[in-house]
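For reference, the structure discussed in these notes is given below.
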There are 2 protein chains.
Amino acid sequence: MVTDAPERDWSAAEEEIMEATYRALLEHGYAGLSISRIAAELGKSKAAIYYHYDAKDDLLVAFLEFAVDRFEATVATETGDEPTADLEHVVEKLLPLQPDEEQRQLQAVLVGLRSQAVTNGVFREQFTRIDERLAATIRDIVERGIEEGTFRDVDPSRVAEHILATVNGAMYARATTGREGAAAATRVSIASYVDSELRRD
Amino acid sequence: MVTDAPERDWSAAEEEIMEATYRALLEHGYAGLSISRIAAELGKSKAAIYYHYDAKDDLLVAFLEFAVDRFEATVATETGDEPTADLEHVVEKLLPLQPDEEQRQLQAVLVGLRSQAVTNGVFREQFTRIDERLAATIRDIVERGIEEGTFRDVDPSRVAEHILATVNGAMYARATTGREGAAAATRVSIASYVDSELRRD
DNA sequence: GTCTATAGGTTGATAGAC
DNA sequence: GTCTATCAACCTATAGAC
């Protein structure tokens, strides 16, 4: 990985609130998220939440960080010394061929949060950073592959952006459409893309 | 195009309400969308809106159709007889190199709506249909190119899904991050992909 | 068709007791 | 730290006059 984002440590109480927010989001979506709903999931009163967070906005920003941490923990990867395998590994983390329920849920929550980035600057900056890090991770692998002679002499940055956009698009479609086959087809096509665009001879 | 979706005709009053909803969404986002806000944009009372729509949900479903119509009108394309040019044309419509303000706004509104597809079945079906049509449009162009001998003998469906996912991902990033360069780089990379994956030497 | 007025509910947030 | 009780502001939706 390129950056080890310093991970914030959550108090037990905060973590429980974040977990309750996560469940409330899954059940009611971002538009239906309220302090009452979070309190209900938490099994405590609304005032208990306001003891830990001054305002709903603060809680939301904290939760954004929480969800992002969780996502990046999922993607984190010890890079080996085979660029092709590393690339496959990252792609599988981002766009699993058969996502389990946990992965689907996290993606669903992230899509809800990310849509807020259209109008909210704080959210926008966070997702900008996420994409920046992912692009850098992919670019580094491609660069290493070129140096080692495994990959052709392509523009690493261009290829990284291409792969990232494709993976993001397929994940987006998976979360917002019923086209299950589409995501699978895209996954296959990325492998084929890496092969024909990057592999020597 | 593959399907000429039968376009609904809106009464003048309905169209004004849809237009007001559009503006309200741009200003306050989906989470902040209320009948009061729409009424304010419309310059009429809330009751005037309830005369035309029984419930907020009905209005939302109508607006979804309205926004989708507008989007598909933007993408609609007279196909020429040059597959390569047709492909470029569709991609430019979906992911313009330099989107004007109107295009950006429509994309922003659509991202807001699409995130609702995670939890709302009606929205999900609409966006499934949109992606289905776009994939079919691209696939048809690729198939024609193969028959004509302009393109290599690839799997048209796989290539179509790849291009669609990439375009969607870049557009998504454009609407939700500050990474302007990323969208541009992806646009360029798609041209390069078409060239190396499809063009006969 | 559009208005004002209003009903009935939920929201975010606070005060004060324990 | 957590509770109950409460607040003003907002929400969706309707009734009834014009």
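So that the names make sense, note that chain A is the first sequence line, chain B the second, and so on, each numbered from 1. Remember, it's a predicted structure, so these values are computed and weren't measured experimentally.
Of the candidates A/L134, A/I138, A/L94, A/T186, A/L94 is the only one forming a side chain to side chain contact (heavy atoms under 4.5 Å, CB included) with A/V167.
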Between the protein and nucleotides 1-5 of chain D, are there any N/O to N/O pairs under 3.5 Å, and if so, what are the atom names and distances?
from	atom 1	to	atom 2	distance (Å)
D/dT2	OP1	A/K44	NZ	2.6
D/dT2	OP2	A/H52	NE2	3.3
D/dC3	OP2	A/S45	N	2.5
D/dC3	OP2	A/S45	OG	2.8

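Atom C1' of nucleotide C/dA13 and atom CG of A/D58 are separated by 12 Å, given to the nearest angstrom. When the P atom of D/dA9 is taken as reference, atom CZ of B/R37 falls 16 Å away, rounded to whole Å. The nearest whole Å value for the distance from the CD1 atom in B/I38 to the C1' atom in D/dA13 is 14 Å. Counting to the nearest Å, the P atom of D/dC10 and the NZ atom of A/K56 are 15 Å from each other. Rounded to whole Å, atom P of D/dT12 lies 5 Å from atom CD1 of B/I35.
Remark: A/S34 is in phosphate contact with C/dT11, judged by side-chain N or O atoms under 4.0 Å from OP1 or OP2.
Using bins of under 30°, 30° to 60° and over 60° for the plane-to-plane angle, the ring pair A/Y172/B/Y172 lands in the parallel bin. Between A/F63 and A/Y22, the angle of the ring planes lies from 30° to 60°, which puts this pair in the tilted group.
With salt bridges taken as basic N to acidic carboxylate O contacts below 4.0 Å, one links B/D86 and B/R144. With respect to A/R104 and A/E180, a salt bridge is recorded, a charged nitrogen being found less than 4.0 Å from a carboxylate O.
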Fill in: Verdict with reasoning, A/E92 to A/R187, per salt bridge (charged side-chain N to carboxylate O under 4.0 Å, His left out)
CA-CA 8 Å; A/E92 168 63 21; A/R187 242 316 282 280; 2.6 Å; yes
